[in-house]
Structures are given as structure tokens and as C-alpha cells.
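Residue numbers begin at 1 in each chain, while the letters A, B, ... track the order of the sequences. In this text the structure is predicted, and so the values were computed from the model without any measurement.
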There are 2 protein chains.
Amino acid sequence: MTKRPFADALEKLRAVGLRPTRQRLALARLLFENGDRHLTAETLYEEAQAAEIRVSLATIYNSLHQFTEAGLLREVAVGASRTYFDTNVSDHHHFYYEDCGRLVDIAGGDVTVDCLTQAPDGTEIARVEVIIRVAGTPAA
Amino acid sequence: MTKRPFADALEKLRAVGLRPTRQRLALARLLFENGDRHLTAETLYEEAQAAEIRVSLATIYNSLHQFTEAGLLREVAVGASRTYFDTNVSDHHHFYYEDCGRLVDIAGGDVTVDCLTQAPDGTEIARVEVIIRVAGTPAA
DNA sequence: GTGATTGCAAATCTTTTGCACTAAA
DNA sequence: TTTAGTGCAAAAGATTTGCAATCAC
């Protein structure tokens, strides 16, 4: 990590043109100071409460979407029950542990996808998403 | 298709041990008589109403899940807004048109996935799901 | 008959929205 | 000051649940 957590979060927000409010700064620190993470709005909300950060659930949702739009987060679609956000925005894929609902990154280079079928005219590929669904729970 | 739609639906339900009620038979016919389809509970409900089939939304949900558990349908996770069900249960993947929300099958053989990372001990791969997200709307 | 299935309406859960209040520039 | 951002509480949308009525066997 870094030794200037506050300054880093500030810079991160400024870089994408988001006004660095108290809430956004605090959430950015929770999100980005602890390496690659996968979390839901509810998870982040609980973390914020545990850290005594005063922020509403509505603001959590707002921030998650703004961060995503700004490219600081990525949405991962695993199912219809809730939305996961990934702090790792580099090109990579996921294991999804169906029994515990956990997501685990697979490094981008470790998965190769070859598709013989073209996207139709007038369209272009936005992203290729691979989810490897796993039964059972990882030891970790 | 076939020339015995009713008998086929009946057989399909019997084969998986689901009691062939009026509702399940009618839904099975809607689902399986028209080739490969991707639909949501709401979509199927509207179709049923259009076809003058008396069935409640709760029963639609029940049936979709029972059919899925029985292996007659497959759930496709594209996002958190709603659940899609696919009548094609063979090994294949999907294009997802983000602008119109449509799913299109990609034949199983047309996508190759190579993963160098193993699933952890004590777990096993249930399914590999590839979704190619496409911006724009297909001509069709 | 008897247990499975259905329909309805209410409940639940996640996410969004409207709007008055607060804070950043 | 001026505009963007926040919190609250209500609304919305998808799905589930409880339970009495109905149906398949």
C-alpha cells in the first residue's frame, strides 16, 4: 500500500473529477486501502458503520455508482440477488463460490477466451466476462 | 418441432418427476415449443396472459425454479435487475446487448475458455459462464 | 381422501427517488 | 454565495412467503 492514505484517496477522487466530500473520501479509503476487494452496498455500509463513518445507505449507493462510472470500480454480475463491486478494475475474471457467495479474482492472463462468432454489425464488444461457478467453499 | 406438443410437455414433466398440472403443462408448452428462448418471469407471465392461460405470477416463479432445478431450464446471470431463464440447457454462452437487454446464444463450440488457475481443494467447477457484453443493438 | 399445487395478498429485500438540509468551492 | 452532495423516508421493482382453496392421483 501507501503511506499517505488520505492524500491518495483525495488524489483519486480529484483525478476523476469527483468532489472530495467527507463521505466519498472515507468510502474511498475503505475501498482502496485494503487491496483487491469484492463488496456489495450492504457490506460497505456495515464496514462504514464499524469504522464509525457517518454515511447513509443512499450515499453508499450513489458513491458506488459514481465510482463505477468514473472507472474506479467495476460491477460484477453474478446473480440477481445483489450487485457486487470489484475494486480491481484491471482485465480479469472470477471464481464464484456458490455456497458462500464469495468472489475470487483470476488474473487476466490466466484465462483465455476465444470466440469464433462475431458481434453483429453496428455493435461492438464492451467487455468479456467469465465467471467460473464453483460448488463448495474455499479453505481460506 | 414436434407434432405432439401436449404429449411432449407431459412427457417432459413426467421425466423429471414434476406433477403435470394444468399450469405446468401450459407453461412448458409456451417455453419449449418455440425453440431456444431467453425470458424473465414477467415476460412469461405476459405471454401466458396473451395466450389466455390462467396462471398467477407466483406460480410462474415457482415453475421457473422447479424447471430449473429439474434441468429443463438454465438461469443466466446478466445483472442484478432481473433473472433470465434460458430454454437451451446445452453447453453454450451468450452475447448480452446492453442497450436493449437482449440475450443471444453463442454455440458451445464457438467459445473456448482456457483457465490456468485451478479451483481450490475441496471444491469443483459447477459451470463456466461467458457473457460477451455488447454495446449497441443487433439489427435483427 | 390426501398430499401436492395454486392463487392471492402481504411481506421482504435491494435499490432508487424526491426533497429539504448541509457542505465544498 | 452558489451548486453539488447528503440523509431521510417513502417509493419502486423483483421475488418470496403464508395460508386457505383446489387439483392430481
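- Ranked by how close their nearest DNA chain D nucleotide is to the 5' end, B/L57 and B/R22 are led by B/L57.
- Under 4.0 angstrom from either OP1 or OP2 of D/dG7 there lies at least one side-chain N or O belonging to A/T59.
- The residues A/R133 and B/E124 are annotated as not salt-bridged, no charged nitrogen and carboxylate oxygen being separated by less than 4.0 angstrom.
- A salt bridge is absent between A/E75 and A/R127: the closest approach of a Lys/Arg side-chain nitrogen to an acidic carboxylate oxygen does not fall below 4.0 angstrom.
- Of all non-hydrogen atoms in B/A28 and B/A9, the two that sit nearest each other are CB-CB, 4.0 Å.
- Each of C/dT16, D/dG7, C/dG7 was ranked by its minimum atom distance to the side chain of A/H65; first place goes to C/dT16.
- Rounded to whole angstrom, the span from the OH atom of B/Y45 across to the C1' atom of D/dA14 amounts to 14 Å.
- Rounded to a whole Å, the CG atom of B/L64 is 16 Å from the P atom of C/dT5.
- Atom-to-atom, CG of B/N62 to C1' of C/dT6 comes out at 8 Å; the value is rounded to the nearest Å.
- For B/Q23, a side-chain nitrogen or oxygen approaches OP1 or OP2 of C/dG7 to under 4.0 Å.
- Within 4.0 Å of A/R82, counting heavy atoms only, lie sugar-phosphate atoms of the nucleic acid but no base atom.
- Toward the 5′ end of DNA chain D lies the nearest nucleotide of A/R24, the other residue of the pair A/R24 and B/T21 mapping further downstream.
- The interatomic distance linking A/R19 (CZ) with D/dT3 (C1') rounds to 6 Å, in whole Å.
- Listed here is the closest heavy atom pair of A/H93 and A/V128: CE1-O, 3.1 Å.
- Side-chain atoms of B/D86 and B/H94 include a donor-acceptor pair closer than 3.5 Å.
- Atoms OH (B/Y61) and P (D/dT16) sit 7 Å apart, rounded to a whole Å.
- Taking atom CZ of B/R14 as the reference point, atom C1' of D/dC25 lies 10 Å away to the nearest angstrom.
- Atom P of nucleotide D/dG5 and atom CG of A/L18 are separated by 7 Å, given to the nearest angstrom.
- In this structure, B/T83 reaches the sugar-phosphate backbone alone: every heavy-atom distance under 4.0 Å involves primed, P, OP1 or OP2 atoms, never a base.
- Look at CG on A/L27: it is 14 Å from C1' on D/dG7, rounded to the nearest Å.
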